[in-house]
K.L.:
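My questions will all concern the structure given below.
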Amino acid sequence: MALVPYEEGAGWGARQLHSPSVTYHFASHTIRVRQDWRRLGVAAVVWDAAVVLCAYLDVGGIDLRDRSVIELGAGTGLLGIVATLLGTKEPVLQILYLWTSIVCLRHILLYCLGAHVTITDRAGALEFLESNVQANLPSELRPRAVVKELTWGKDLSNFPQGAFDFILGADIVYLEETFAELLQTLEHLCSEQTVILLSCRIRYERDHRFLKMLGGYFSVYEVYYDSSKDVHIYRAQRGSCKDDF
């Protein structure tokens, strides 16, 4: 799950976390995401790192069309939902609206031309995650998004090795005891061409330690910083040059 610290009495931000839902506009869609702090805690609220990475993707930070994408520690699913919406080519959507009566053609076109997004989290968060994904994707796009259990470092054989073009994560770097398993998971999922995008707020020295660990396996550099939310986006990819954080 996407785990981040939380401080009581943090004003407007705390009230937003306890709101039953939040609404955003990305990829030319209005997205209304349910939250459930009382039942699921930090895994069931939208954090700034997810919003910043969604905005980065929405303005064309990378092109997700026709790509295989996986999100780690998805939480509410906002980032995976946006990735699915952005991963579909506009001409395809226009064709679909013209052929809404031909269901099989609609799905064939999507299968050939749309991105495939795997949205993952631990078992306890999947039902909640699935409900947000289903509620916010048009019916013709739902086959493009798969919600699947993934606990870092475990049962990685359930995911094809090196099969993903992009790996996304928002505020998943927090618990130091999960760093080794997260790195193991990234290693398994990555090919030489895979691009990792991680968004996070650097809160503690251990966050810097993770970036240094990541730089031992991948070339890592910062591609964006949102000063208003104090959120960094890092890009990582296999390569001979390893960055030193």
Side-chain angles (χ1 to χ4, degrees), residues 2 24 26-29 31 49-96 106-121 129-130 132-134 136-150 152 156 158-170 172 182 185-200 214 217-224 233-239:
Y24 301 95
F26 292 117
S28 302
H29 285 72
I31 303 169
V51 177
V52 171
L53 186 48
C54 286
Y56 178 79
L57 298 177
D58 198 19
V59 298
I62 58 173
D63 187 357
L64 297 177
R65 293 174 297 178
D66 299 343
R67 301 302 183 95
S68 178
V69 181
I70 186 168
E71 183 189 1
L72 306 183
T76 63
L78 174 64
L79 180 56
I81 291 165
V82 172
T84 305
L85 294 170
L86 290 172
T88 303
K89 291 184 176 179
E90 286 301 322
V92 176
L93 289 176
Q94 292 168 5
I95 292 171
L96 295 181
R106 179 171 71 234
H107 288 168
I108 288 171
L109 286 168
L110 279 169
Y111 183 81
C112 294
L113 297 174
H116 186 280
V117 181
T118 303
I119 307 172
T120 71
D121 212 321
L129 173 58
E130 178 79 43
N132 271 330
V133 171
Q134 292 298 314
N136 285 284
L137 289 179
S139 59
E140 64 270 13
L141 291 186
R142 289 173 192 162
R144 308 306 307 159
V146 175
V147 174
K148 193 169 181 179
E149 178 184 356
L150 173 56
W152 302 336
L156 294 179
N158 292 333
F159 296 83
Q161 189 168 7
F164 297 95
D165 298 306
F166 292 98
I167 299 173
L168 308 178
I172 62 175
L182 176 54
T185 301
L186 292 173
E187 277 270 282
H188 176 83
L189 297 174
C190 281
S191 69
E192 292 297 319
Q193 290 73 42
T194 303
V195 172
I196 303 167
L197 287 176
L198 298 177
S199 61
C200 60
L214 185 67
Y217 294 88
F218 302 94
S219 297
V220 184
Y221 57 97
E222 184 172 333
V223 294
Y224 182 73
I233 299 178
Y234 297 98
R235 175 177 175 137
Q237 193 167 9
R238 292 190 192 276

K.L.:
Are the charged groups of Glu187 and Arg238 less than 4.0 angstrom apart, N to O?
P.N.:
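Looking at Glu187 and Arg238, the cut-off is met.
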K.L.:
When rounded to the nearest 0.5 angstrom, what is the spacing between CG in Leu182 and CH2 in Trp152?
P.N.:
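Separation between the atoms: 5.0 Å.
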K.L.:
Provide the closest heavy-atom pair for Cys190 versus Ile196 in the form atom of the first, atom of the second, distance.
P.N.:
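That would be SG-CD1, 3.6 Å.
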K.L.:
Over all heavy atoms of both residues, which pair between Ala236 and Phe218 is shortest? Give the atoms and the distance, please.
P.N.:
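Closest approach of Ala236 to Phe218: CB-CB, 3.9 Å.
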K.L.:
Let me confirm one number: the CD-CG distance from Glu71 to Leu78, rounded to the nearest 0.5 Å.
P.N.:
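So the CD of Glu71 and the CG of Leu78 are separated by 8.5 Å.
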K.L.:
Is the closest side-chain heavy-atom distance between Arg142 and Thr84 below 4.5 Å?
P.N.:
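Side chain of Arg142 against side chain of Thr84, heavy atoms only: no contact under 4.5 Å found.
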K.L.:
Are the side chains of Ile62 and Leu57 in touch, meaning some heavy atoms are under 4.5 Å apart?
P.N.:
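The answer is yes, as the side chains (C-beta and beyond) meet within the 4.5 Å cut-off.
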K.L.:
So, do Val82 and Tyr24 sit near enough that their side-chain heavy atoms are less than 4.5 Å apart?
P.N.:
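Sidechains of Tyr24 and Val82: no contact.
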K.L.:
Report the distance from atom CG of Leu79 to atom CG of Leu168, rounding to the nearest 0.5 Å.
P.N.:
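It is 5.0 Å, given to the nearest 0.5 Å.
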K.L.:
Nearest heavy-atom pair of Leu129 and Gly75: which atoms, and what distance?
P.N.:
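Scanning both residues, the minimum pair turns out to be CD1-O, 3.4 Å.
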K.L.:
Taking the side chain as everything from C-beta on, heavy atoms only, tell me whether Leu72 gets closer than 4.5 Å to Leu189.
P.N.:
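In contact.
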K.L.:
Check whether any side-chain N or O of Lys148 sits under 3.5 Å from a backbone N or O of Phe159 as a donor-acceptor pair, and report yes or no.
P.N.:
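No: the side chain of Lys148 does not pair with the backbone of Phe159.
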K.L.:
Do Val195 and Asp165 come close enough that some side-chain heavy atom pair is under 4.5 Å?
P.N.:
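No, too far: nothing below the 4.5 Å cut-off.
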K.L.:
How long is the gap from OG1 on Thr88 to CG on Leu141, to the nearest 0.5 Å?
P.N.:
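Interatomic distance, Thr88 OG1 to Leu141 CG, rounded to 0.5 Å: 4.5 Å.
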K.L.:
Using a 3.5 Å distance criterion without hydrogens, assess whether the side chain of Asn136 forms a donor-acceptor pair with backbone atoms of Ile31.
P.N.:
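Flag not set: sc Asn136 to bb Ile31 has no pair under 3.5 Å.
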K.L.:
Is there side-chain contact between Tyr224 and Ser199, with at least one heavy-atom pair below 4.5 Å?
P.N.:
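A side-chain contact under 4.5 Å is absent here.
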K.L.:
Should Thr120 and Ile70 count as side-chain neighbours, where that means a heavy-atom distance under 4.5 Å?
P.N.:
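They are in contact (side-chain heavy atoms under 4.5 Å apart), so the answer is yes.
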K.L.:
Looking only at heavy atoms, which two atoms of Asp58 and Ala27 are closest? And how far apart?
P.N.:
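Where Asp58 meets Ala27 most closely, the heavy atoms are OD1-N, 3.1 Å.
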K.L.:
Can you tell me how far apart CG (Leu186) and CD1 (Ile172) are? Round to the nearest 0.5 Å.
P.N.:
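Those atoms lie 6.5 Å apart.
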K.L.:
Can you name the nearest heavy-atom pair linking Arg65 to Leu86, along with the distance?
P.N.:
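So the two residues come closest at CG-O, 3.6 Å.
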K.L.:
Walk me through whether Thr118 and Leu150 qualify under side-chain contact (heavy atoms from CB on, under 4.5 Å).
P.N.:
CA-CA 10 Å; Thr118 303; Leu150 173 56; over 6 Å; no
K.L.:
Identify the two heavy atoms, one from Ala163 and one from Ser68, that lie closest to each other, and give their separation to 0.1 Å.
P.N.:
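Result for this residue pair: O-OG, 3.5 Å.
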K.L.:
Hey, could you give me the OH/CD distance between Tyr221 and Gln237, rounded to the nearest 0.5 Å?
P.N.:
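Separation between the atoms: 7.0 Å.
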K.L.:
Does some side-chain heavy atom of Ile119 sit less than 4.5 Å from a side-chain heavy atom of Val69?
P.N.:
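When only atoms from C-beta onward are counted, Ile119 and Val69 do not touch, as no gap falls below 4.5 Å.
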